[in-house]
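Each residue takes its place number in the sequence, starting with 1. No experiment lies behind these values; they were computed from the predicted model shown.
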Amino acid sequence: MSSPEKLAGSVLVSGFDGTTAPDWLRRKVADGLGGAILFGRNVVDDEQVAALSAQLRAERPDVLIGIDEEGGDVTRLDVATGSFVPGPLALGAADDVELTASVAAALGERLAACGVTINFAPCADLTLAAEDPSIGVRAFGSDPVKASPHVAAYITGMQKYGVAASAKHFPGHGAATDDSHHSLPVLPRTEAELREIELVPFKAAIAAGVRAVMTGHLVVPAWGDLPATLNPKALTDVLRGELGFTGAVVTDALDMGAIAGELGKTEGVGRAAVRALIAGADALCLGGVSFEEDELNRIAAVIAAAVRAGELPLERLAEASERVAALGAAPAPTPITAPDHRLGLEAARKALRIQGSPKLAGPPLVIDIETEPIVAAGPMPWGLGPHLTGLVPGTRALKVTGDGIATAIDAVHGARDLVIVTREAHRHPEVREFLAWLRESGVDYIRVETGAPGPETDGPRIDTFSGSYVSLRAAAEYLAGEHLADEVLA
């Protein structure tokens, strides 16, 4: 059995800066570092990602290479353009399980070509709280019975090409109203409620053969005061014992505010890593910010010290190391091809929910109200204006932020055909107030909602359930209607 120091490094999975592997990362991988996580900051295009993966694999063939490629609003490969497939909530709205599997397979094939070994997706969470700032469009829906077949189909499609899927965020984040990137959420569920609601999609994921499950940084009071990531009741008793999961348990990033901001104030990320391993976690992600060699060495030293002190059994650490190494198995070689938008457009069109009669009489004024994206998504191209401008000559497009509503109000005066595009309008007071002003002023408008729809009602409206490139394109095509030639819609 390897030394505690060697084993400690082998369970760490780190983010980094740059579009090529820095020297320090290559040294760490050669020395046994568990793996690396790719973010938008590491991506130029598929060829570059494949070359980056090859750099790391040249140092050690079984290095884990992970990515968050959920599709829709959370994409890394398409961070510069918007995703070529709609997100989970749109797939749930389309409610075609075979289509969900096909979309996931297309993602899996592309990731395999890029050399990725594990995709930190799908979300097995549910979209349950309107004020939830973290999940929303990332889940397949709010009904566990309806969402579960899509979770299973996504896993089957993703793993078809050898890329491991990772169901997240156990035991389910959707009913929490805080974002674990910033603070520690509380999931107000009894154990009976968890079994009836949140755990149902995770059972489906395990039955589908998911190779990894990612933990959620949230407290379930019925399980005690520890967040699930650090909680033996959650990971050992429930996930492994009750649900029978035998694959790898991956933590959400330990540098997130829910852990680093709470536990880290007194114990540090290294101590959080030890407690996660004791609880039953295997791969320890350190990815939200860019880590460096010295920081990884310090965390590994804390883990090794816990082994030598008898706090963390060496056998537990060795078990975790073996499971991480299994996630580093390279997928079968797949050629890189340009993303094909046809499948994504088919799914995006099928997902559209039409309310009233959102028809244009002539070229519209499109106002895209760009609010802050969820942290997991980060900034990327968004908006309907560029799509309609290309489809309907004479269209005018205006993009404003939530702070620029006054500009939108000025632009509305005299506009005949008006399209207002929002992203979860119900979570942004300034957007709600603008929509209320439009109604009270008697202004006719069509709204396109690209996030998880809220409880508010409008006149004519299109819900896309995703801010992906293809979802916005599908909404633009619908609005353009008979203005479009058949070949445009092909």
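Across all non-hydrogen atoms, the minimal contact from Pro201 to Ala124 is CB-O, 3.3 Å. Ala279 approaches Leu235 most closely through the heavy-atom pair O-CB, 3.4 Å. Between Pro381 and Gly82 the shortest heavy-atom distance is CD-N, 4.2 Å. Nearest heavy atoms, Ala212 versus Val250: CB-CG2, 4.0 Å. The two residues Gly209 and Ile155 make their nearest non-hydrogen contact at C-CG2, 4.5 Å. When all heavy atoms of Leu56 and Leu25 are compared, the pair lying nearest together is CD2-CD2, 3.8 Å.
Every residue two or more places apart in sequence or in another chain that forms a side-chain hydrogen bond (donor to acceptor under 3.5 Å, both in side chains) with Lys28 is listed here: Asn297. Checked against side-chain hydrogen bond (donor to acceptor under 3.5 Å, both in side chains), Ser468 has the following partners two or more places apart in sequence or in another chain: Ser466, Ser471. Legend: residues meeting side-chain hydrogen bond (donor to acceptor under 3.5 Å, both in side chains) with Glu5, ordered by chain and number and at least two apart, are Arg308. With sequence neighbours left out, Asp45 forms a salt bridge (charged side-chain N to carboxylate O under 4.0 Å, His left out) with no residue at all. Checked against side chain to side chain contact (heavy atoms under 4.5 Å, CB included), Arg60 has the following partners two or more places apart in sequence or in another chain: Val29, Asp62, Val63. Listed by chain and residue number, nothing satisfies the salt bridge (charged side-chain N to carboxylate O under 4.0 Å, His left out) test with Lys160 (two or more places apart in sequence, or in another chain). Arg211 meets the side-chain hydrogen bond (donor to acceptor under 3.5 Å, both in side chains) test with no other residue; sequence neighbours excluded. Residues meeting the ring pair (Phe, Tyr, Trp, His ring centres under 6.0 Å) test with Tyr154, sequence neighbours left out: none.
Judged by distance alone, the side chain of Asn42 and the main-chain N or O of Gly18 form a donor-acceptor pair under 3.5 Å. A donor-acceptor pair under 3.5 Å links the side-chain atoms of Arg240 to the main chain of Gly247, judged by distance alone. Using a distance-only test at 3.5 Å, with no hydrogens or angles considered, no donor-acceptor pair links the side chain of Ser142 to the main chain of Leu128. Judged by distance alone, the side chain of Thr334 and the main-chain N or O of Ala332 form a donor-acceptor pair under 3.5 Å. Listed for the Glu424 side chain is no donor-acceptor partner under 3.5 Å among the backbone atoms of His426.
You'll find the side chain of Cys285 reaches within 4.5 Å of the side chain of Phe120, heavy atoms only. At a threshold of 4.5 Å between non-hydrogen side-chain atoms, the residues Arg271 and Val302 count as touching. Looking at heavy atoms from C-beta onward, Pro453 lies in side-chain contact with Phe465 at the 4.5 angstrom threshold. In this structure the side chain of Val307 reaches within 4.5 angstrom of the side chain of Leu317, judged on heavy atoms. Residues Lys168 and Val213 are not in side-chain contact: their nearest non-hydrogen atoms beyond the backbone lie 4.5 Å or more apart. The closest side-chain heavy-atom distance from Val419 to Leu479 is below 4.5 Å. Proximity of Leu239 to Phe202: side-chain heavy atoms (C-beta onward) are nowhere separated by under 4.5 Å. Side-chain atoms of Asp463 and Val448, non-hydrogen and from C-beta on, never get closer than 4.5 Å to each other.
Here the NE2-OG1 distance, from His173 to Thr127, works out to 12.5 Å after rounding to the nearest 0.5 Å. Here the CD-NE2 distance, from Glu198 to His169, works out to 14.0 Å after rounding to the nearest 0.5 Å. Interatomic distance, Leu64 CG to Arg57 CZ, rounded to the nearest 0.5 Å: 9.5 Å. Atom CG of residue Leu89 and atom CG of residue Leu126 lie 11.0 Å apart, to the nearest 0.5 angstrom. A distance of 9.0 Å separates CD1 of Ile420 from CG of Asp368, quoted to the nearest 0.5 Å. The CZ atom of Arg423 lies 5.5 Å from the CD atom of Glu370; values are rounded to the nearest 0.5 Å.
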Q.
Could you go through Thr19 and Val49, starting from their C-alpha distance and side-chain angles, then the distance that decides it, and tell me whether this counts as side-chain contact (heavy atoms from CB on, under 4.5 Å)?
A. CA-CA 8 Å; Thr19 55; Val49 174; over 6 Å; no
**Q.** Derivation and outcome, side-chain contact (heavy atoms from CB on, under 4.5 Å), residues Leu312 and Ile303
**A.** CA-CA 8 Å; Leu312 172 63; Ile303 295 171; 3.9 Å; yes
Q. Given Phe245 and Phe170, is the side-chain contact (heavy atoms from CB on, under 4.5 Å) satisfied, shown in steps?
A. CA-CA 12 Å; Phe245 179 61; Phe170 184 82; over 6 Å; no
Q) Stepwise, does the side-chain contact (heavy atoms from CB on, under 4.5 Å) test hold for Leu99 with Val97? A) CA-CA 5 Å; Leu99 185 60; Val97 172; over 6 Å; no
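Listed by first then second residue, pairs satisfying salt bridge (Lys or Arg N to Asp or Glu O under 4.0 Å) with a partner in residues 317-340 read Asp282-Arg323, Arg316-Glu319, Glu319-Arg323, Asp340-Arg342, not counting sequence neighbours. Sorted by first and then second residue, the side chain to side chain donor-acceptor pair (under 3.5 Å) pairs with a member in residues 87-96 read Asp95-His150, Asp96-Lys350; sequence neighbours excluded. Under the side chain to side chain donor-acceptor pair (under 3.5 Å) criterion, no residue pair touches residues 383-400, with sequence neighbours excluded.
Partner of Thr229 under the side-chain hydrogen bond (donor to acceptor under 3.5 Å, both in side chains) criterion, out of Thr215, Thr251, Asp252: Thr215 alone.
Arg41 and Asp17 are joined by a salt bridge, as a carboxylate oxygen and a charged side-chain nitrogen come within less than 4.0 angstrom of each other. Salt-bridge formation is detected for the pair Arg447/Glu449: a Lys NZ or Arg NE/NH1/NH2 atom is positioned less than 4.0 Å from an Asp or Glu carboxylate oxygen.
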Can I get a per-line list of side-chain donor-acceptor pairs under 3.5 Å for residues 107-119, giving both atom names and the distance, sequence neighbours left out?
residue : atom : partner : partner atom : Å
Arg110  : NE   : Asp46   : OD1          : 3.4
Arg110  : NE   : Asp46   : OD2          : 2.8
Arg110  : NH1  : Asp78   : OD1          : 3.2
Arg110  : NH1  : Asp78   : OD2          : 3.0
Arg110  : NH2  : Asp46   : OD1          : 3.1
Arg110  : NH2  : Asp78   : OD1          : 2.8
Thr117  : OG1  : Ile65   : N            : 3.1
Thr117  : OG1  : Ile65   : O            : 3.3
Thr117  : OG1  : Leu327  : O            : 2.7
Asn119  : OD1  : Glu69   : N            : 2.8
Asn119  : ND2  : Glu69   : O            : 2.9

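No close placement of the Tyr469 and Phe84 rings is indicated, their centers lying 6.0 Å or farther apart.
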